[in-house]
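Below, read A as the first sequence line, B as the second, and so on, with proteins coming before strands; counting in each chain starts at 1.
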Number of protein chains: 2
Amino acid sequence: MTTVKEVCRLAGVSTATVSRALKNPELVSAKTRERVFKAVQESGYRPNMLASSVKTGKSNSLVVLVPNLSNPFFMRIIQGIEQAAHEQGYSVLLGDTQGEPAREHEIAGMVLSNRADGLIHLDHSFPFSANDAHLAERVPVVSVCERIMGDKEFPVIELDNYAATRSLAKHLVNYGHKKFGIIAGQRDSQIHLDRLAGIKDVFATEGISFNEDMIVGGAYSIEMGQQGARDLMAKENRPTAIFCFNDDIALGTVFELKRMGIRIPQDVSVVGFDNIKVSAFIDPPLTTIDQPAHDMGRRAVEVVLQIIKGVPLKRNREIFPYNILERESSGPVNPDF
Amino acid sequence: MTTVKEVCRLAGVSTATVSRALKNPELVSAKTRERVFKAVQESGYRPNMLASSVKTGKSNSLVVLVPNLSNPFFMRIIQGIEQAAHEQGYSVLLGDTQGEPAREHEIAGMVLSNRADGLIHLDHSFPFSANDAHLAERVPVVSVCERIMGDKEFPVIELDNYAATRSLAKHLVNYGHKKFGIIAGQRDSQIHLDRLAGIKDVFATEGISFNEDMIVGGAYSIEMGQQGARDLMAKENRPTAIFCFNDDIALGTVFELKRMGIRIPQDVSVVGFDNIKVSAFIDPPLTTIDQPAHDMGRRAVEVVLQIIKGVPLKRNREIFPYNILERESSGPVNPDF
DNA sequence: GGTATATTTGCAATCGATTACATTAATAAC
DNA sequence: GTTATTAATGTAATCGATTGCAAATATACC
């Protein structure tokens, strides 16, 4: 590995000059600058980022904590994160927790061990171990699309989940639906509560009774969508419209309903949440809420970098606008169903 | 930030002892070891990974270079990579190139600048800039599911693409199909050629003439699938069976054909490649080739770690077995179509 | 008990950068 | 031409660890 010394030798200057020529070229005369560049070129020198990080105390990396990489929605966020991070000269460390707290603590620990300068959290769990909890204060953290549970309020980039489900609910109510089912993802998160609140709110003003019994599910997966569809259709008072709390669930629901011979939307309307890519290409295309995932990922980078740099945040919560996409999986109620 | 000095102070020992107590506990007496642990506990000390990396020359990170994060197939590989890496104490840096060579060079450069110890490449392009090409020799690289073009032969973990398309072709020929279309992804890659070879081979033995004209497409995307379907159906001699070179393309093809009123598989059979999750849940479920993406990702980590550690590889190419999934998007030829 | 050997510990060099401070060279001012 | 400023460079300390070597301590052996 060629080090700065080799460049020094070739250019006939000190390490200080080499370092300056590369990081603060304006501090070095044009003549020697050129000499250094040539020496760098010849020797194929690459500064050791780690060494420089030790000295400067900045790793120029961010770590992204994902509950489950196989959810395509997260990929859109991560893509935005990766892009923005790169533009700012940061690299992205990836950590898939698979829902395991131990794994989560390790990943969050990357910031504590100087491997990363900040953490972007795509889940709602408190990412530090009990031991490290007091250290969390010093760690730049921002969560995206989820709100971190716990005493400390971390900055968050989120969707207006409440308003989004309100508009979905209104959309379905306008079509005449009165009997609803909900297939939820993880039920202990804030976004679950927010989404539920939006639905309940519309029901209240429309005089539709809400019943805990109409909620099934408990994980954001296609299989849960299938299971949920079966569970809802087995009820004596089966719904004519189903809220799926993400598009993966909706995919499973649509698939399973069709398999049961139930037509969408003629018999049952199905709506999703997130707008993953395939949602537009299934049969029927899914009515869903479009989250600006890419932009939210980008914004998360800006915010966490702001925290890292010590710039005070204007606000701790940033609410991004949703967009309801009325596609063909929802339609007028079928009174004969 | 608490450093080792603070622990020294609390435990009343030297930095050497602290370092040893943490990395090589057996070199330290039980008594002082406990004292050090207690001091670590009290102070909330976390060793600075970067500092240790500078000294040891190992960053304990791998960088993954992905052409496009939004392709769900890559996520399965990455998930395998992430898991295996974590088990080995490595962390994963993510780089999305978006097909830009400049970006690719930067990402590959992470290994040259000691940010990562090795590179896992999910694309077929040569990842180094012309300038760095000679440095590539020193960089542990392995490619997964693609073979890197260029003079140097990098180790590769790949599917038996040739045999896989052979079996797809046989599957369709057995159903009586004689008129085929192919919607390709990137055409300049080795896997494209391998897959094509498999198809051509079956055609040759079955007496089916092959025609470059039956190949359309040029990118692995849903939209390309739609476009390809339209292109193929506009031909005077339109096919009754379509090979899509990945599942994203197949999704678009299925969607578009159905929109054109063409029934699958009654009128046209469609087969994909990769077996992404949703392939099983679209209508009709997709006949496709299952790649053990997760395992291939895992294996890639093992191989690149072997290179890093200087253990000679038994073989430079590892071919993983495919699995043909005959689902409902393929069926007997319709002579009246 | 005395010597040989093994176990623990500490000192100080080192990894490859960055940077405060000092020094030298160049330019400006009069 | 001399002095005051500014620009360019170098020396050496530093970041926070790891580790070779030596010193100190403990254990084994006769």
Side-chain angles (χ1 to χ4, degrees), chain A residues 1-37 39-40 43-61 89 109-117 135 138, chain B residues 1-37 39-40 43-61 89 109-117 135 138:
Chain A
M1 198 50 68
T2 59
T3 77
V4 70
K5 302 260 177 154
E6 174 69 1
V7 180
C8 291
R9 206 178 53 75
L10 288 173
V13 295
S14 72
T15 63
T17 302
V18 173
S19 179
R20 280 190 285 250
L22 296 173
K23 301 266 155 119
N24 299 83
E26 73 280 4
L27 292 180
V28 164
S29 76
K31 203 161 19 143
T32 45
R33 202 190 305 151
E34 282 316 312
R35 217 139 34 94
V36 170
F37 287 169
V40 167
S43 60
Y45 167 71
R46 290 299 188 105
N48 183 325
M49 281 297 300
L50 301 179
S52 108
S53 289
V54 170
K55 185 72 221 254
T56 61
K58 320 242 82 261
S59 67
N60 293 307
S61 306
M110 287 184 172
V111 187
L112 299 172
S113 60
N114 292 54
R115 231 199 233 291
D117 299 332
L135 299 173
R138 323 200 145 279
Chain B
M1 195 53 66
T2 59
T3 76
V4 68
K5 302 260 179 157
E6 174 68 2
V7 180
C8 292
R9 205 179 54 74
L10 287 174
V13 295
S14 73
T15 64
T17 302
V18 172
S19 179
R20 280 190 285 251
L22 296 174
K23 300 266 156 121
N24 300 84
E26 72 279 5
L27 293 179
V28 163
S29 75
K31 202 159 22 141
T32 44
R33 202 190 305 152
E34 283 316 312
R35 216 141 33 94
V36 170
F37 287 168
V40 166
S43 59
Y45 168 69
R46 289 298 186 107
N48 183 325
M49 279 297 300
L50 301 179
S52 107
S53 288
V54 170
K55 182 74 216 235
T56 61
K58 320 241 86 262
S59 67
N60 294 308
S61 305
M110 288 183 170
V111 187
L112 299 172
S113 60
N114 293 54
R115 231 199 230 297
D117 299 332
L135 299 173
R138 323 203 143 280

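A straight line from CG of B:N48 to P of D:dT14 spans 18 Å, rounded to a whole angstrom. Going from atom CG of A:L22 over to atom P of C:dT19 covers 13 Å, rounded to whole Å. Atom-to-atom, NZ of B:K5 to P of C:dC11 comes out at 11 Å; the value is rounded to the nearest Å. D:dA17 atom P lies 8 Å from atom CG of A:N114, rounded to whole Å. Atom CZ in A:R35 sits about 13 Å away from atom C1' in D:dG10, given to the nearest Å. Atom-to-atom, NZ of B:K58 to P of C:dC15 comes out at 17 Å; the value is rounded to the nearest Å.
The closest donor-acceptor contact from the side chain of B:D117 to the backbone of B:N60 lies under 3.5 Å. A donor-acceptor pair is defined here as one N or O able to donate and one able to accept, closer than 3.5 Å; such a pair exists between the side chain of A:R33 and the backbone of A:V28. The backbone N or O of A:E26 lies less than 3.5 Å from no partner atom in the side chain of A:N24, so there is not a single donor-acceptor pair. Side-chain atoms of B:S53 come within 3.5 Å of backbone N or O of B:K58 as a donor-acceptor pair.
Residue-level contact check: B:V54 touches the bases, meaning some heavy atom is under 4.0 Å from a base atom. At the heavy-atom level, A:T15 lies under 4.0 Å from base atoms of the strands shown. Using a 4.0 Å heavy-atom criterion, one finds that A:S19 contacts the bases of the nucleic acid, with or without backbone contacts as well.
OP1 or OP2 of C:dT18 sits under 4.0 Å from a side-chain N or O of A:K23. The phosphate of D:dT9 has OP1 or OP2 within less than 4.0 Å of a side-chain N or O from A:S29.
For B:T17 and B:A51, each mapped to the nucleotide of DNA chain D holding its nearest heavy atom, the one lying further toward the 5' end belongs to B:A51.
Between B:R46 and A:L112, the shortest heavy-atom contact is CB-O, 3.5 Å.
Looking at the side chain of B:V28, the nearest of the listed nucleotides C:dT9, C:dA17, C:dT18 is C:dT9. Between C:dA17, D:dG10, D:dC21, one nucleotide has an atom nearer to the side chain of B:R20 than all others, and that is D:dC21. In the set C:dT14, C:dT18, C:dT9, C:dT14 carries the atom at the smallest distance from any side-chain atom of B:K55.
Evaluation of atom-type donor-acceptor distances gives no pair under 3.5 Å for the side chain of A:R46 against the base of C:dG16.
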